[in-house]
2 protein chains.
Amino acid sequence: MSTKKKPQVTPTPERRRELLATAAEVFAAQGYNATTVRRIADEAGMLAGSLYYHFDSKESMLDEILSTFLDELWQGYDEVLAAGLGPRETIEALVTESFREIDRHRPAVAIYQKEAKHLATQPRFAYLADSQTKFEKAWLGTLERGVTEGVFRDDLDVRLTYRFVRDTVWVAASWYRPGGHHSPEEIARQYLSMVLDGIALRT
Amino acid sequence: MSTKKKPQVTPTPERRRELLATAAEVFAAQGYNATTVRRIADEAGMLAGSLYYHFDSKESMLDEILSTFLDELWQGYDEVLAAGLGPRETIEALVTESFREIDRHRPAVAIYQKEAKHLATQPRFAYLADSQTKFEKAWLGTLERGVTEGVFRDDLDVRLTYRFVRDTVWVAASWYRPGGHHSPEEIARQYLSMVLDGIALRT
DNA sequence: GCCGTTCCCTAACAAGTGTTTGGTAGGTTA
DNA sequence: TAACCTACCAAACACTTGTTAGGGAACGGC
């Protein structure tokens with residue numbers, strides 16, 4: 001009887017994820033260009049050349065990190081957008097989902113935050129630009145719908161509001177630490193309370 | 001009679017500023033580490049080695065860009081903080097001043113945003129960490145004072161609010177374009193309106 | 001005219017970069 | 001036992017990087 005026994009050596013796909021996780025951590029901390037493959041290999045306990053058994057290039061590591069993050073992000077976003085919620089509830093759900101993604105993919109988000117802008121010009125990373133377009137359509141569309149339906153103020157520039165909201169959500173990745181004082185849901189709640197109702201005391 | 005005539009060749013201090021401006025532009029667009037000194041020289045219409053007539057090193061360019069920006073920033077901030085305004089008015093003045101700085105030093109702000117975190121660990125850039133400490137004291141202190149004086153809500157985590165406000169103000173440098181649709185003051189006004197009163201329509 | 005200064009070029013250097021090639025220890029399969 | 005595969009090492013490669021040294025053209029002061 002041949003039981004499928006787990007071998008001593010870590011199997012391939014899991015090892016890939018491990019290496020990508022450490023690579024993402026270093027990329028996030030030092031920046032992609034400032035990170036050498038020797039540094040990644042060091043952190044992973046092996047030599048630089050050995051990384052090329054698992055990956056084609058340094059760039060393909062970055063590619064895999066960013067694309068798997070975006071895939072998971074849009075899985076969550078699409079679910080929210082398909083739920084047919086009202087504008088305010090949609091914004092709330094998107095914000096909450098975003099902080100959950102930061103919780104799960106903090107290094108990837110930090111990398112995205114720093115590098116996406118100039119990476120998007122390269123053909124290989126064209127999907128970053130696509131994602132950004134989809135992103136704007138979802139958020140800006142919801143805000144505009146909220147204005148026409150009378151749940152959001154109409155005396156603010158929607159485009160400015162969109163940028164503020166978007167940026168504030170994602171830069172959280174630069175200071176957020178998993179296992180800290182606040183859960184992603186708590187952070188989302190406070191953030192939504194601030195953006196929706198303001199920090200000034202109502203008189 | 002010896003009149004101090006302006007020579008045909010651009011004098012030294014102005015040329016320095018020109019070169020630093022183009023360097024800052026490239027640093028902001030591509031990231032410091034991803035920027036080669038040859039690229040900067042190219043953009044300035046000269047060869048790589050020629051830059052070293054004006055500057056000691058690539059790092060000293062970055063240093064000068066960031067330190068002159070911070071000097072000017074704190075000149076404005078200190079003026080605001082010394083004015084003895086109330087918490088709400090202080091926040092308003094700080095935000096407005098910040099957007100004015102972004103208007104004047106957009107590339108420097110963008111570089112600061114991307115690189116400050118891992119630069120602050122180097123001894124040469126220790127003033128970045130100092131500035132960050134002063135920064136937190138000013139903003140967080142004002143927010144806390146506003147809570148105790150009853151002008152800001154007390155049911156929000158002040159530290160979270162501080163981070164949100166701080167980040168949102170400065171990431172504006174990544175999309176702001178001087179000479180665009182909105183003046184710095186107008187952006188500050190809209191941003192303050194959102195943060196203070198919220199985007200939800202009051203019922 | 002000559003001198004000194006300013007500003008840039010030409011040409012190279014040493015260090016560090018991502019990547020490749022050949023080899024090999026150890027486990028699995030037949 | 002033999003063949004094979006996985007996962008890594010050792011050593012090098014070609015190239016790019018920041019930086020330097022020497023030289024020279026243009027210009028102002030004397």
(request) Can you run down the salt bridge (Lys or Arg N to Asp or Glu O under 4.0 Å) pairs that involve residues 121-132 of chain B, sequence neighbours left out, and say none if there aren't any? (result)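 Residue pairs with at least one partner in residues 121-132 of chain B: B:E59-B:R124, B:D63-B:R124.
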(message) Taking side chain to side chain donor-acceptor pair (under 3.5 Å) as the definition, give me every residue that meets it alongside B:R163, ordered by chain and number, with sequence neighbours left out.
(response)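 For B:R163, no residue satisfies side chain to side chain donor-acceptor pair (under 3.5 Å) once neighbours in sequence are set aside.
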Between [atom2] of [N] and [atom1] of [X], the distance in whole Å:
{"X": "A:L47", "N": "C:dT24", "atom1": "CG", "atom2": "C1'", "answer": "14 Å"}
{"X": "B:R15", "N": "C:dT6", "atom1": "CZ", "atom2": "P", "answer": "15 Å"}
{"X": "B:R16", "N": "C:dC8", "atom1": "CZ", "atom2": "C1'", "answer": "16 Å"}
{"X": "B:Y53", "N": "C:dT6", "atom1": "OH", "atom2": "C1'", "answer": "4 Å"}
{"X": "A:R39", "N": "C:dG18", "atom1": "CZ", "atom2": "P", "answer": "13 Å"}
{"X": "B:E14", "N": "C:dC7", "atom1": "CD", "atom2": "P", "answer": "11 Å"}
{"X": "A:M46", "N": "D:dC8", "atom1": "CE", "atom2": "P", "answer": "5 Å"}

(request) Name all residues meeting the ring-ring contact (aromatic ring centres under 6.0 Å, His included) criterion together with A:F99; count only those two or more places apart in sequence or in a different chain, and write none if there are none. (result)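 If we apply the ring-ring contact (aromatic ring centres under 6.0 Å, His included) test to A:F99, skipping adjacent residues, the hits are A:Y191.
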(message) Is A:H54 close enough to D:dT6 that one of its side-chain N or O atoms is under 4.0 Å from OP1 or OP2 there?
(response)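 So the side-chain polar atoms of A:H54 never come under 4.0 Å of the phosphate oxygens OP1 or OP2 of D:dT6.
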(request) Would you give a per-nucleotide map of nucleotides 17-24 of chain D, 5' to 3', where B means the base has a protein non-hydrogen atom under 4.0 Å away, S means only the sugar-phosphate does, and - means neither? (result) BBBB----
(message) Under a plain distance cut-off of 3.5 Å, with no hydrogens placed, do A:R153 and B:S193 share a side-chain donor-acceptor pair?
(response)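 Yes, because at least one side-chain N or O of B:S193 sits under 3.5 Å from a partner of the opposite role on A:R153.
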(request) Could you grab the distance from atom CZ of A:R106 to atom CD1 of A:I111, nearest 0.5 Å is fine? (result)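 That separation rounds to 10.0 Å.
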Please output the side-chain donor-acceptor pairs of residues 74-84 of chain A that fall under 3.5 Å, not counting sequence neighbours, one pair per line with the distance.
residue	atom	partner	partner atom	Å
A:W74	NE1	A:S131	OG	2.9
A:Y77	OH	A:S98	OG	2.6

(request) State whether B:E185 and B:R100 are salt-bridged, where the test is any N-O pair (Lys NZ or Arg NE/NH1/NH2 against Asp/Glu carboxylate O) under 4.0 Å. (result)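 The answer is yes: the pair qualifies as a salt bridge.
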(message) Ring-plane angle category for A:F164 and B:W175, please: parallel below 30°, perpendicular beyond 60°, tilted otherwise.
(response)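 Perpendicular, since the angle between the ring planes exceeds 60°.
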(request) Kindly calculate the angle separating the two end axes of the helix from C:dG1-D:dC30 to C:dA30-D:dT1, each obtained from five base pairs, and round it to 10 degrees. (result)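 Helix axis angle between the two ends: 0°.
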(request) Indicate the atoms forming the closest heavy-atom contact of B:N33 with A:A34, along with that distance. (result)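 Answer, listing the atom of B:N33 first, then A:A34: ND2-CB, 3.4 Å.
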